[in-house]
Amino acid sequence: MRKSKLLRVAVLAVAFLTVLNLSGCGKVSYKDGTYTAHVDANDVPKEEFDEFEESEDNPSGSTVLGEADVTIVIKDGKITSCEYKAKDAKGQPKDENYGRDGAPLSQKKAQKAVAGLKEYCNQLVEKQNINDVDTVTGATISYDEFIEVAKAALKKAKE
């Protein structure tokens with residue numbers, strides 16, 4: 001009976017240490033600094049984005065349908081701030097005026113994308129992991145652009 005108790009304690013200890021060890025997995029350490037990245041649909045080779053089809057609005061087939069810029073600040077190994085700016089395929093900034101020249105429904109859709117720009121940065125700072133940033137309904141293209149450009153900036157922070 002004593003052996004079975006000892007065996008249970010040993011199994012529990014191994015399980016606890018395994019969970020403790022695995023809980024540290026997935027954490028990424030970054031070097032302190034300010035990291036920027038820029039992605040332009042015209043600079044991205046089409047073969048890298050086979051899942052996106054070419055169209056009049058997306059001639060390169062890229063996830064970036066215009067330009068995207070991000071600035072990420074790392075302090076004490078943590079993401080402390082993020083700024084994301086984007087332009088559509090026509091070079092129009094995705095800001096508070098984005099979509100105002102279109103139909104009301106089009107404007108509403110465009111402004112959802114603008115809201116997503118801020119939300120994606122907020123999530124990255126909060127969650128500290130690019131893989132944990134969730135898409136915002138109505139801002140899927142902005143999400144794809146953000147993930148692409150943020151990964152490029154964070155790659156620099158790992159080097």
Euclidean distance, Gln111 CD relative to Ser106 OG, rounded to 0.5 Å: 10.5 Å

How long is the span from the CD1 atom in Ile147 to the CG atom in Leu124, to the nearest 0.5 Å?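 Here the rounded value is 8.0 Å.
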
For residues 30-37, run the donor-acceptor check on the side chains, cut-off 3.5 Å, and write out each pair with its distance to 0.1 Å, sequence neighbours left out.
unit_1 : atom_1 : unit_2 : atom_2 : d
Lys31  : NZ     : Glu159 : O      : 2.1
Asp32  : OD1    : Asp76  : N      : 2.8
Asp32  : OD1    : Gly77  : N      : 2.8
Asp32  : OD2    : Asp76  : N      : 3.1
Tyr35  : OH     : Lys31  : O      : 2.9
Tyr35  : OH     : Asp32  : O      : 3.2

Sequence-distant partners of Lys85, salt bridge (Lys or Arg N to Asp or Glu O under 4.0 Å), two or more places apart: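 Testing Lys85 for salt bridge (Lys or Arg N to Asp or Glu O under 4.0 Å), a comparison that skips the adjacent residues, returns Glu83.
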
Would you please name every residue forming a side chain to side chain contact (heavy atoms under 4.5 Å, CB included) with Asn131, sequence neighbours left out? Asn129, Lys151

Output all residues satisfying side chain to side chain contact (heavy atoms under 4.5 Å, CB included) with Asn122, sequence neighbours left out; order by chain, then residue number. Glu119

Smallest separation among heavy atoms of [X] and [Y], with atom names:
X: Lys90; Y: Asp88; answer: N-OD1, 2.9 Å
X: Ala86; Y: Glu145; answer: CB-OE1, 3.9 Å
X: Ala68; Y: Val149; answer: O-CG2, 3.6 Å
X: Ile72; Y: Ala153; answer: CD1-CB, 4.0 Å
X: Thr80; Y: Lys75; answer: CG2-CB, 3.7 Å
X: Cys82; Y: Val70; answer: SG-CG2, 3.9 Å

Taking Tyr84 as the starting point, is it possible to reach Val73 by hopping between hydrophobic residues whose side chains are less than 4.5 Å apart?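 Different clusters.
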
So, Gln128 side chain and Ile79 main chain: donor-acceptor pair closer than 3.5 Å or not? yes

Any chance you could lay out the side-chain contact (heavy atoms from CB on, under 4.5 Å) test for Asp95 and Val114, step after step, and finish with the verdict? CA-CA 6 Å; Asp95 60 14; Val114 172; 5.6 Å; no

Pairwise salt bridge (Lys or Arg N to Asp or Glu O under 4.0 Å) hits with a residue in residues 120-139, at least two apart: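 Applying salt bridge (Lys or Arg N to Asp or Glu O under 4.0 Å) to every pair that reaches into residues 120-139, excluding sequence neighbours, yields Lys127-Asp134.
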
The criterion is ring-ring contact (aromatic ring centres under 6.0 Å, His included); which residues satisfy it with Tyr120, sequence neighbours excluded?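 Tyr120 satisfies ring-ring contact (aromatic ring centres under 6.0 Å, His included) with Tyr143, Phe146 only.
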
